[in-house]
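Supplied in C-alpha cells, the structure appears directly below.
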There are 2 protein chains.
Amino acid sequence: MNKTLIQELINRYITLTNDVWKRGEVLVREEIGSDLTNDQLYLLRYVNQHKQCTTTELAEVFFVQKSAISAIVNRLVEKNLMERSQDKEDRRIVVLSLTDEGKELYLKMESKIFKLVESFITQFNEKEITQFMQSYEKLAKILKDKMEEK
Amino acid sequence: MNKTLIQELINRYITLTNDVWKRGEVLVREEIGSDLTNDQLYLLRYVNQHKQCTTTELAEVFFVQKSAISAIVNRLVEKNLMERSQDKEDRRIVVLSLTDEGKELYLKMESKIFKLVESFITQFNEKEITQFMQSYEKLAKILKDKMEEK
DNA sequence: TATATTAGTTCAACACGTGAACTATTCACG
DNA sequence: CGTGAATAGTTCACGTGTTGAACTAATATA
C-alpha cells in the first residue's frame, strides 16, 4: 500500500468517525429530549449496564481523570438520576447506581438507540456486520497493545 | 437478527468507537508533544487540508455553532498558528489559513499519524481494509440521510 | 504501629459548547 | 435605486468538562 493511499485512508477514516459519532449523538438526543449532555448520557448508560460501578473504573473506561468523573456524577446526583453508596467490605469505595428516575431515562434512551439501529440494520447482511465488527475489534486490540507496550 | 444480538452489537460498537478514538488521540498527542488540545489539532488539520476555509464550513463539519469555532480559532491565532484574512469578493467572509509555524506543527502531526497507521496497517490485508471502509461509508450515508429526512 | 497505597472529593483554572445580541456586508425585489 | 431580509462572523454570559494539586478517609504493608 503506497503512501498516498494510506493518507487518503487516514483522512476518510477520521472524517467518517467524526461524522458517524456526532450524527448518532444528534439523532439520539433529539428523540429522548432530556436536558442531559452526551457525557452525562454515556455515564448513565455505563453505570446501569455495569453494576457495582466505581469512579476509578469510569475514569479508566472514558480515559479521563477521576476528578472529571466526580464532577459529572455530582450533576447527575443533583438531577436525581444517580446515587452514591458505600461499599460494605471496603469503605473507601463509592458504589454508583441509578435512581428509579435514572433507570427510566436509561430505558428511554436504550429504546431510542435500538429503534434507530433497527431501522437501518436491515440494509446490512449478517456477514457484512460480522466482518465489519471483526476488523473493528482487531483495530481496537492493536491500539490497546500499542498503548500498553510502554 | 434478534433483539439480544442487536443490543450486544450496539454495546460493542459504542465501546469500540470510544476506545479506538480516544486511544488514537492519546498516541498522537503523546508524540507530537505540543500544548494544543485535540479540538485545536482537528481544526488545524482541517484548515490546512481545505484551503479557503471559513468559520461556517468548520461549524458544519464539526457539528457545532459558529461561535464555538470562533473561540478555538482565537486561541490558535493567539498561539500564532493560524491567521484570518478577508475575502476580496465578499468582504463578509473571513478566510482561515495556517501560519508557517502552524504548517510546521501540522506536518509533525501528520507524520506521527502516518507512522502510527503504517505500523499496524500491515496486519490487515487490502481486501479487509476495503470491506471495512465500504461498510463504514455505508453507515455514514445512512445516518446522513436519516438526519436530512426531517 | 508507622507508613505507603488506594479511593474518592474539592478546588482553581482553562477549554469548549450554546444561544442571544451585535456589527458588517451582500442579496432581493418593489 | 433604496430598504428590509439574509448571510458571515464575533463577542458575551453562563453552564459543562478536564486537568492537576491538595485534601480526607480507609486499607494494606512491612
Side-chain angles (χ1 to χ4, degrees), chain A residues 18 21-23 25-26 28-30 33-47 50 52-79 81-97, chain B residues 18 21-23 25-26 28-30 33-47 50 52-79 81-97:
Chain A
N18 181 62
W21 192 249
K22 301 260 179 80
R23 283 188 203 278
E25 283 182 344
V26 169
V28 170
R29 284 176 49 73
E30 262 175 7
S34 77
D35 65 339
L36 298 190
T37 63
N38 291 321
D39 290 315
Q40 287 167 11
L41 290 176
Y42 293 135
L43 227 66
L44 206 69
R45 194 167 183 281
Y46 191 92
V47 169
H50 302 77
Q52 301 296 310
C53 192
T54 67
T55 303
T56 303
E57 183 183 349
L58 290 169
E60 278 165 11
V61 167
F62 293 104
F63 298 90
V64 294
Q65 299 297 317
K66 290 189 284 185
S67 53
I69 301 295
S70 269
I72 302 179
V73 170
N74 283 344
R75 289 181 196 112
L76 288 170
V77 169
E78 264 171 41
K79 288 174 202 282
L81 298 168
M82 199 176 279
E83 50 195 4
R84 294 177 161 106
S85 65
Q86 220 171 25
D87 187 292
K88 303 281 184 223
E89 316 271 297
D90 184 342
R91 291 187 306 163
R92 287 172 302 183
I93 297 174
V94 171
V95 178
L96 300 168
S97 58
Chain B
N18 180 62
W21 193 248
K22 301 258 181 84
R23 284 188 203 276
E25 284 182 343
V26 169
V28 170
R29 284 176 48 71
E30 262 176 7
S34 77
D35 65 339
L36 298 190
T37 64
N38 290 321
D39 289 316
Q40 287 167 12
L41 290 177
Y42 292 135
L43 228 65
L44 206 68
R45 196 169 181 281
Y46 190 93
V47 169
H50 303 76
Q52 300 295 310
C53 192
T54 67
T55 302
T56 302
E57 183 182 349
L58 289 169
E60 279 165 10
V61 168
F62 293 104
F63 298 91
V64 294
Q65 299 297 317
K66 289 189 285 185
S67 53
I69 300 295
S70 269
I72 302 179
V73 170
N74 283 343
R75 289 178 199 110
L76 288 169
V77 170
E78 263 171 42
K79 289 176 202 284
L81 297 168
M82 199 176 279
E83 49 195 5
R84 294 177 160 104
S85 64
Q86 219 171 25
D87 187 292
K88 304 280 184 224
E89 317 270 299
D90 184 342
R91 290 188 307 161
R92 287 171 304 183
I93 296 174
V94 171
V95 178
L96 299 168
S97 57

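Sequence lines set the chain letters: A, B, ... in the order given, protein chains first and strands last, and positions in each chain run from 1.
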Measure the distance from CD on A:E78 to P on D:dG17 and round it to the nearest whole Å.
->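 So the CD-P distance, A:E78 to D:dG17, works out to 11 Å.
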
Check the distance between C:dA15's C1' and B:F62's CZ and give it to me in whole angstrom.
-> 16 Å

Assess the pair A:W21 and B:F62: is the distance between their ring centroids shorter than 6.0 Å?
-> no

Taking atom C1' of C:dA13 as reference, at what distance in whole Å does atom CG of B:D35 sit?
-> 15 Å

Whole angstrom value for the distance that separates P of C:dT18 from CD of A:E25 =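 Checked: the CD to P distance equals 11 Å.
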
Please state how far atom CG in B:D39 lies from atom P in D:dG17, giving the value in whole angstrom units.
->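 Whole-Å distance recorded here is 14 Å.
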
Under a 4.0 Å heavy-atom cut-off, which of residues 89-97 of chain A touch DNA chain C?
->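 Per residue number, the list reads A:R92, A:I93, A:V94.
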
Mind calculating the distance between CG (B:L43) and P (C:dG17) to the nearest angstrom?
->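 After rounding, the reported distance stands at 10 Å.
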
Any ion pair linking A:D87 and A:R92 (charged N to carboxylate O, less than 4.0 Å)?
-> no

How long is the line joining CZ of A:R29 and C1' of C:dT18, in whole Å?
-> 11 Å

For DNA chain C, whose closest nucleotide is more 5', that of A:N74 or that of A:K22?
->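 Final value for this comparison: A:N74.
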
Measure the distance from CD on A:Q52 to P on C:dG8 and round it to the nearest whole Å.
-> 12 Å

Between residues 63-72 of chain B and DNA chain D, which residues have a heavy-atom gap below 4.0 Å?
->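 The answer is B:K66, B:S67, B:S70.
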
